[in-house]
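To start, the structure itself, in structure tokens.
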Amino acid sequence: MSPNLFLVVLLGISALAYRQGKKKAFASVTEKSQRLHSLPNYYGVLTALWCFIPAILIFLLWQLFSDFILTGIAMQDVFANTPHLSPAEQNLLINDMRNMVAGVVSRVDANPLVEQAVERYLNIRVISHMALGVIMLIAALIPGCWIYTRIKPEFRARNHVEQIVEILLILCSTVAILTTVGIVLSVLFESIRFFQQVPLWDFLFGLKWSPQMAIRADQAGSSGSFGAVPVFAGTFMISGIALAVAVPIGLMSAIYLSEYAGKKLRAVVKPLLEILAGVPTVVYGFFAALVVAPLIRDMGLTMGMSVSSESALAAGLVMGIMIIPFVSSLSDDVINAVPQSLRDGSYGLGATKSETIKNVIIPAALPGIVGSILLAASRAIGETMIVVMAAGLSANLTANPLEAVTTVTVQIVTLLVGDQEFDSPKTLAAFALGLLLFVTTLMLNVVALYVVRKYREEYE
Amino acid sequence: MAMDTVIDMADTFGVGKQVHEQEVTKALSREDDSQTVGAPFVDAPRMVCRDVNVYYGEKQAISNVSLDVAEHEVLAMIGPSGCGKSTFLRCLNRMNDTVDICRVTGEILLDGRNIYDKSVDVVPLRAQVGMVFQKPNPFPKSIFENVAYGPKIHGLTNSRFELQDIVEDSLKKAGLWDEVSDRLDQPGTGLSGGQQQRLCIARAVAVRPEVILMDEPCSALDPIATATVEDLITELREHYTIVIVTHNMQQAARISQRTAYFHLGRLIEVNPTDQVFTNPRHRLTEDYITGRFG
Ligand SMILES: Nc1ncnc2c1ncn2[C@@H]1O[C@H](COP(=O)(O)OP(=O)(O)OP(=O)(O)O)[C@@H](O)[C@H]1O
Ligand SMILES: [Mg+2]
């Protein structure tokens, strides 16, 4: 019997429990004057939940840990007979066994010990399945029956169901939080290893970024320096250019779309704008590298400036185009959500359209607008492909947008691509960059939140 | 076959119409159904409306309304819910322009000039003909900023002091000053519904319009605040012209000089207020004010 079958059975039992619970609720009302505390459905749902939840919890736990425990038991003999194995060798044996169990590797000429372990594994797996079935059945029936016996007209089934639903909702939101914590922790630990090799100070304030390390001791020139300033400067410059393009254009088009454009035009233009967000970033990269960058270089040449063929300006401009829809589409939505009565109030006092937009609509929509800009900014900061293709890889510390620069995300990619050892500062630097980037965007969010709090004008 | 059906149907309708007409002749004292009973016209009108029709898309909300508004009068508009009072009121300062599907035909003159003429700019028009809406709609700004909004955009003041004076004066007129004088910097949306409505009245008064349109300004107010607003209206009448929509017939009787009764988009009767409430000329008006209908 496969465990998945248990799930089907469990669903069946829960459905049955639902019916029985509802029935009993109906039946429990004997006198005319009596009334059920909750709707009959709630009694059914409660009974079903009490069947389903304990059993499914046990099932999930088993899914998580069964393989680990079974392997441990199966390999006991193997390890007992071969005492001096290194952890790596132990892992190899375990893998052998797993492959054989899964049937990936044929059993011919295998280590007899391992073969024994496989037999053992298969045996206890069958037993464990049966045990699981029995335990799940018990875990479904006992709580189910218990709650079933408690069904009386004055039993507050609705409140119980609502409580269970609330707990479920809390669990769901915890998943998101835990994931974030997990990501932060994993990055944090690797970063700590990096900072054991490279001082924090050098990383935060160093002005030179060249992560190539000397492979041999006698190799000249490449000592590796990990100053993050040029890389972050590149990120901020490109994102800044992108936002300088996207925020005005996006905001203006949002205002046009929501306040001036007719319904029909809006229905056409808005999806068209949103297509911009759907273009793959690689394609934007082509566009930046093949069209915009040469254009900028030629224009620079005619004006007598030397422009490198890869420039922050090209990447920033194209990235700006890419994130326009984030600003325009979201801002358009929030501007539209400002109630018509506020506009009427302003027009009714003899305000012009632009006065109304400036003084009433934008302030009322501000939180949403800032949110859309934040989203666009984080998109710009995280963007990699366009930068690789149009802005280059060299970490120049420069304020001139016509030179080639590089960004944090690009450096992370180049550091981690290919075969790398995971304990050299070069690879660990990627985690430190990631952590710093995370902290930066977090601060950006906090600042934006503060701005919104301060200037928000709340409508109801 | 099909033809026969059509003729049959036409017959049926024809008969129905005759019956209807008989009823109406009974109902009316003299006038024909489509005409307004009473005295819709005055000698020296401030606003003149002729044959006004309003459509929301295909649906007609106002049909053939002709009505004058005299200088320094309070004109009350009453009628059952959905009969088009708000719609008509919103025509008087072209607030209907903001509704895409709304179309207005006919003439509405302010001081002899057609406000629906192409050459008319709605912005000064709305400053001249102010409006208080049915639902209170304070801006999500401070109480002070709410009232100062109009004077600011119209450049009515030269200094902060003048602006403060206007704000204080307007709030006092709307009977709100005592309640909010110590918290002018707090958001207007934080006030109670009735306070919000008075804030909106103060906001409209602050622009110093010549005609004020009020759409049920007291529907959310308690009797005391209502009395304040009624006093304000009576006081404003010395300088302004006021058109007010109300469901409260005692209120109409207390504050207005003339009363107009609307029914299903038509203007049924306009007469001096005391006459409308003591001796209505149209049966629909009578039914409404005696509470038999609406
Ligand atoms: N924006 C709109 N779009 C479509 N129809 C509308 C719109 N506004 C009003 N109407 C319709 O026009 C008619 C008149 O509405 P109006 O708001 O003028 O009524 P009213 O007399 O003010 O009613 P109440 O006393 O309930 O405020 C109603 O039938 C209404 O459904
Ligand atoms: Mg109305």
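In what follows, chains carry the letters A, B, and so on, assigned in the order in which the sequence lines appear, proteins first and then strands, with residues in each chain numbered from 1.
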Item checked: Pair B:E73 + B:R46, salt bridge at N-O below 4.0 Å -> no
Check: Could B:R160 and B:D165 be called an ion pair, given the rule that one side-chain N must be under 4.0 Å from one carboxylate O?
Finding: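 Answer for the salt bridge query: no.
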Chain A heavy atoms under 4.5 Å from [X]: which part of the residue, side chain, backbone, both or neither?
X: B:D100; result: side chain
X: B:R90; result: side chain
X: B:V207; result: side chain
X: B:P124; result: neither

Checklist line | A:K263, part contacting chain B, at a heavy-atom distance under 4.5 Å | finding: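 The answer is the side chain of A:K263.
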Item checked: Side-chain heavy-atom pair B:M77, B:I244 within 4.5 angstrom cut-off ->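 In short, these two side chains do not touch, never coming nearer than 4.5 Å.
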Notebook entry, point to check: Is A:F287 close to A:V283 at the side-chain level, that is, under 4.5 Å between some pair of heavy atoms?
Noted result: no
Note to self: Looking at chain A, which one of B:M95, B:K152, B:R94, B:K135 has the largest number of heavy-atom pairs inside 4.5 Å, strictly under?
What the structure shows: B:M95
Margin query: I'd like to know if the side chain of B:D117 reaches the main chain of B:V120, judged simply by a donor and an acceptor atom lying under 3.5 Å from each other, with no hydrogens or angles considered.
Written below: no
